2 protein chains.
Amino acid sequence: MRSYRGVSADDRRLERRARLVEALLDTVLDVGVLDTTVEAVCARAGLTKRYFYESFGDRDEILAVAIDAMFVDVLEAIRAALTGASPTVADRATVTVGALVDELDRDRRRARMYVEAPGHPVLRARRDAAIDTFADLLMSDVLQASPPDDRHRMVGLLVVAGTTEVVSRWLADGLPLGRDDLVEEIARIGVAVGGL
Amino acid sequence: MRSYRGVSADDRRLERRARLVEALLDTVLDVGVLDTTVEAVCARAGLTKRYFYESFGDRDEILAVAIDAMFVDVLEAIRAALTGASPTVADRATVTVGALVDELDRDRRRARMYVEAPGHPVLRARRDAAIDTFADLLMSDVLQASPPDDRHRMVGLLVVAGTTEVVSRWLADGLPLGRDDLVEEIARIGVAVGGL
DNA sequence: GACTTCTGACACGGTGTCGTGTCAGAAGGA
DNA sequence: TCCTTCTGACACGACACCGTGTCAGAAGTC
């Protein structure tokens, strides 16, 4: 464990790892998850496969790391937005959807990875788990629906999955709406079904 | 063009084509879209690649044929169910969702193909187009929302995409609900957002 | 300066898929 | 019977990706 260019071996390894993840996201945006190969990621990162296998077991592993990081960030953004939001359901819904939209809008690379996730076994599993989490968050923390039974879980699932679809379309310029209109409309739907 | 075993050359060709599509669906159910190769489909159909390339240009083409056929069938089922349904919005919603659920439940092979469609460029394009069609159908023919503006299109999109997600989960036994409860609950959501 | 560690490039064998080509034999027609 | 068409199996060359291995030289240490 020696120091190279002023950084320790561990730090260099972590920096390479981070570069690979960034390169992965760039590649996904460019060519899609399907055509994102280990070699393409390495080329973009300016590293060789040697370093890829130093940090990741295979392609699935780096994909899992990347999508999990995305969900963690989105969840954090929503929680942060909810802290300090007014207690009315309508406001909480607006703030929540706004945080989601902004977070996806901030990094289109991740948005594409999310959209294509259902086609990949590992990504789909993570995506489904994340949707469950967001659905629970929506029903309990945002809409304050009680009790949290199977029916409510289903409603949350529908709204969350539908929302991500709509936001994806909006990001791809498939919906001629402004950011605020989009957020407000989705929030209204959330509030409406929350009262069921 | 001679007759073999009593059927014309054209008919034999069409029969092989149909067998290949069936084999494709079986393969998709077994191993997923990603691992559905031309060779695997041929093996299951009991035919060789020779016959595959007789009817299809490549893997994408047979996938497109298969998913389009699915959407045509679902659309037909819904239209048939709506014919003769009572004019109340609630009833029409229930009948529509019921037809969708039953049609997907009838052939799990297609359900899996639909779920994984976003990961494949060709399938995703067809899926998105179909969702648009269903969203328009929902807003105009079922919920009778007017006028059909961008906001309503967005609402339809959200509900349709959310519904397919929920139904997929239900098919995969991820939701402990009976068929009728599932249908009724989704229909209620549709009616609720239709009034916005 | 001698020695060790790290770095990046390249090569390799293995595997799986594609799309085409070949060919012997079966099935049918004249 | 002779001839044509259809059939199914197999071979193949090409290509892409995977995961590992090798190696010379640069970067740092003593």
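Predicted model only: the values in this text are computed from it and were never measured.
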(request) Map B/G57 and B/R50 onto DNA chain C by nearest heavy atom, then report which one ends up closer to the 5' terminus. (result) B/G57

(message) Using whole Å, what does the distance between atom P of nucleotide C/dC10 and atom OH of A/Y51 come to?
(response) 14 Å

(request) Compare every heavy atom of A/R59 with every heavy atom of A/V33, then report the nearest pair and how far apart it is. (result) O-NH1, 3.1 Å

(request) Take the protein atom CG of B/D60 and the nucleotide atom P of C/dC18, then report the distance between them rounded to whole Å. (result) 10 Å

(request) Using whole Å, report how far NZ of A/K49 lies from C1' of C/dG13. (result) 12 Å

(request) Take atom CG of B/D58 and atom C1' of C/dT20, then tell me their distance rounded to the nearest Å. (result) 15 Å

(request) Spell out, as yes or no, whether a donor-acceptor pair under 3.5 Å connects the side chain of A/T164 to the backbone of A/A161. (result) yes

(request) Would you mind classifying the nucleic acid contact of B/T37 as base, sugar-phosphate or nothing, using non-hydrogen atoms under 4.0 angstrom? (result) sugar-phosphate

(message) Using a strict threshold of under 4.0 Å (side-chain N to carboxylate O), is an ion pair present between B/R179 and B/D102?
(response) yes

(request) Specify the separation, in whole Å, of atom CG of B/L34 and atom C1' of C/dG16. (result) 13 Å

(request) Rounded to the nearest angstrom, tell me the gap between atom OH in B/Y53 and atom P in C/dT17. (result) 12 Å

(request) Mind calculating the distance between CZ (A/F52) and P (D/dG19) to the nearest angstrom? (result) 8 Å

(message) Among C/dT7, D/dG8, C/dC18, which nucleotide has an atom closest to any side-chain atom of B/V38?
(response) C/dC18

(request) Identify, between A/E39 and B/D35, the residue whose nearest nucleotide on DNA chain C lies closer to the 5' end. (result) A/E39

(message) Using whole Å, what does the distance between atom C1' of nucleotide D/dA16 and atom CZ of A/R59 come to?
(response) 13 Å

(message) Quick test of your reading of the model: are A/E22 and A/R17 salt-bridged, counting only N-O distances below 4.0 Å?
(response) no

